[in-house]
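Notes to accompany the following structure.
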Amino acid sequence: MHTLTQRLLERLTPAFDRLEPGADPVLRGSDRADYQINGVMPLAKRLGRNPREVAEEVVAGIDTAGLIADLEVAGPGFINVTITTDALIAQLDAMASDEALGVPADPEAGVCVVDYSAPNVAKEMHVGHLRSTVIGDSLCRTLGLLGHTVVRRNHVGDWGTPFGMLIEHLIDLGEAQAVAGLSVGDLNGFYAEARTKFDADEGFQDRSRARVVSLQAGDAETLRLWRILVAESVRYFDAVYSDLGVLLTEADVVGESSYNPLLEAVVDDLAAAGLLEDSGGAACVFPPGFTNRDGDPLPLIVRKSDEGFGYAATDLAAVRDRVATLGASRILYVVGAPQAQHFEMVFAVARMAGWLPDDVEAVHVAFGNVLGPDRKMFKTRAGGTVKLQDLLSEGIERATEALATRDHDAETLGLVARQVAMGAIKFADLSTDRARDYVFDWDRMLAFEGATGPYLQYAHARIRSIFRRLDVDHVPTGGSIQLEHPAERALARHLAALPDAIESMMESYSPSKLCTYLYDLAQHFTGFYESCSVLNAPDEATRASRLELCELTASTLRLGLGLLGIEAPERM
Ligand code: ARG
C-alpha cells in the first residue's frame, strides 16, 4: 500500500524531472494546506531562473487527476498542495483495513542488530541503562513493524579485572549468602563491599589479582563462581525488564565475555593487515582523523600493555560477528553520548579492516543524561545510584494516587496504575530529543495534561469509552467516512500522516518524532470531538463516519504508543 505522501510524490516527480532530472520536490507537511513543496527555490537557483516562474511551470506540469484539489504558488516560490477529500477518504479506508495502518514495509529491510541496555554484572543498572533500554526497545519494535529482521543484543558487561575482586568477595561471603544478597537485587551493596575490602586489604588485593589470572586462564572452579555472579545479575536485570515491559529477554544477553574466543583473531588480523602499532607496550590502531587536544593521533587500544584485551577489542569482535555471522545490514548502538568517540573509532577501525563494508550502516544512537531536580546527574539523596526497581515502584505508587479519584476496582486500579506509570516514565524519556539531557520530574511526567504518556493513554481510553457507551466493540470499518467539518478533515489529514511520522523517526532514530505526532493526534482528536458530536450526530451516516474516525484514531494511538513500548489502557 502506498502512503499519501508516496502517491503525491509520484505526481510531482515527473514535473520536476522535466525541469531537471532527479530534482527533489522537497515535499513537507504543512499547516496551511495539506502539503508544501519547498524544492522550487533551490531548483530555480540552480537553473538561474525566476522561482515563481519555475513554480508556475511545475504546477502546470503536475497531473492532479483524482488526487490533488488545489495547487497554489505562495511567497517566493513555495507551492501549497491540497489533497482531494475523496483521496483522503480512500487513504483512510485503506488504512482501516490494514493491520499496519498503512505503514509500508521498508523495501530495503534487512537484518538489523540493535545493541542496547547493556548493564554491568554485579552493578546496579542506572538511569542511563534505563534510557538505553527504553529507546532501544522502541527502535526494535519499529524496525520490526517496518519488516526488518531485528536481532537484539544485550552487551552485558560481564568480563574484566573487577571480577577478580568480586569472585573473591563471593568466596568470603560464602555462596549461599552472596546469592541471597544478589537475588534481592542488592548489586551495588555487593560491589561496594568488594571494593572497600580491595582498597583496605592488601591480601585481598593479591587474591583478587590472582583470581583474574585464573579467570582469564579458564580455570573451571573460577568460571563456575563467575557464572553465579552473572546468572544472579541477569536474573535481576530480567526482573527490571519485565517490570518495564520491554522486549529484552535472557536470550538476548550476549555479554562481553561471549566475544572472548574471537579476540585473538581480531589482533592477528589487524596485525596481518598492517594496522597495528605498538604504543608503550599496548597494541593500538591509529585511525586517521582522530587526535587529542594537542593534535596527537589517538589510539584505539586493542590489547593493553598487560596483555589483556579491553572494551574496544570486544566491540571490534562484536562488529565482525554481527556483520559476518548475523548478516547485519545495519548495526545500532544505543549508548550514552560520552561514548561517541569510542564508537566512531571502533567503526573507523572496523571499516579499515574490512569488517564493516560501506553498505552496512553503523550508527551510535547516542543519548543525553537524566538529571535530578537540581539539574545535576540524577542520584539518590545520599548521592548513590537510583535503584531502578525502587524507581519503578515509586512510579506505580504515584500513579495509583493520581488515579485514586476514579472509581476502579482494586484489580483494575493495580493494572492501570502500572500501565500509566510505565507509560509516564517511557514517554518522558522518549519525547525529549534523545541527544538532550532531561530532568526526571514525577509531577510533570504523570500529569494528565500536556505532552505526557498518561495524556495519550487517556485520549485512547476516552475513545474506547465512547464505544463502551454504545455497547459495540468496533465499528465496521470501511466505506462510511465522510469529511465535512474542518475539524474532521484536519483529523483525517493527520491520521494519514502516520507513515511519515514513523519515517521521520527512523531517519534519525528519534522516537521523539513519533511522540510529537501522537500528541498532535490527540490534540486534533480533541478539536474534532469538541466541535463534532459523535453519539448525537445529526444523522446516521454522519454518526457512522465519526465513529469510524474515532476508531481509527484509537487504533493509531494504540499502534503508535505500542511502538514506544507503551500500553494503551481500555479504561483509565
Ligand atoms: N556496559 C556499558 C556501560 O554500562 C555499555 C555497553 C554498550 N555497548 C557496547 N557494545 N559497547 O556503559
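Counting convention: from 1, in listed order, for ligands and their atoms alike.
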Quiz item: With sequence neighbours excluded, what pairs up with Phe367 under the ring pair (Phe, Tyr, Trp, His ring centres under 6.0 Å) test?
Solution: none

Quiz item: Which residue pairs satisfy the ring pair (Phe, Tyr, Trp, His ring centres under 6.0 Å) criterion with at least one member in residues 174-218, sequence neighbours excluded?
Solution: His169-Phe190

Quiz item: Side-chain donor-acceptor pair under 3.5 Å between Arg434 and Ser512, yes or no?
Solution: no

Exercise. Would you check ligand 1 and list the protein residues that come within less than 4.0 Å of it by any heavy atom, ordered by chain and number?
Key: Asp115, Ala118, Asn120, His129, His155, Tyr311, Asp315, Tyr333, Val335, Gln339, Phe343

Practice problem: Pick out which of Arg195, Arg207, Lys197 makes a salt bridge (Lys or Arg N to Asp or Glu O under 4.0 Å) with Glu168. | Solution: Arg207

Practice problem: Any pair with a residue in residues 101-118 that passes side-chain hydrogen bond (donor to acceptor under 3.5 Å, both in side chains), sequence neighbours left out, goes on the list, sorted by first then second residue, please. | Solution: Asp106-His148, Asp115-Arg322, Ser117-Thr133, Ser117-Tyr241

Exercise. Report the distance from atom SG of Cys140 to atom CD1 of Ile135, rounding to the nearest 0.5 Å.
Key: 12.0 Å

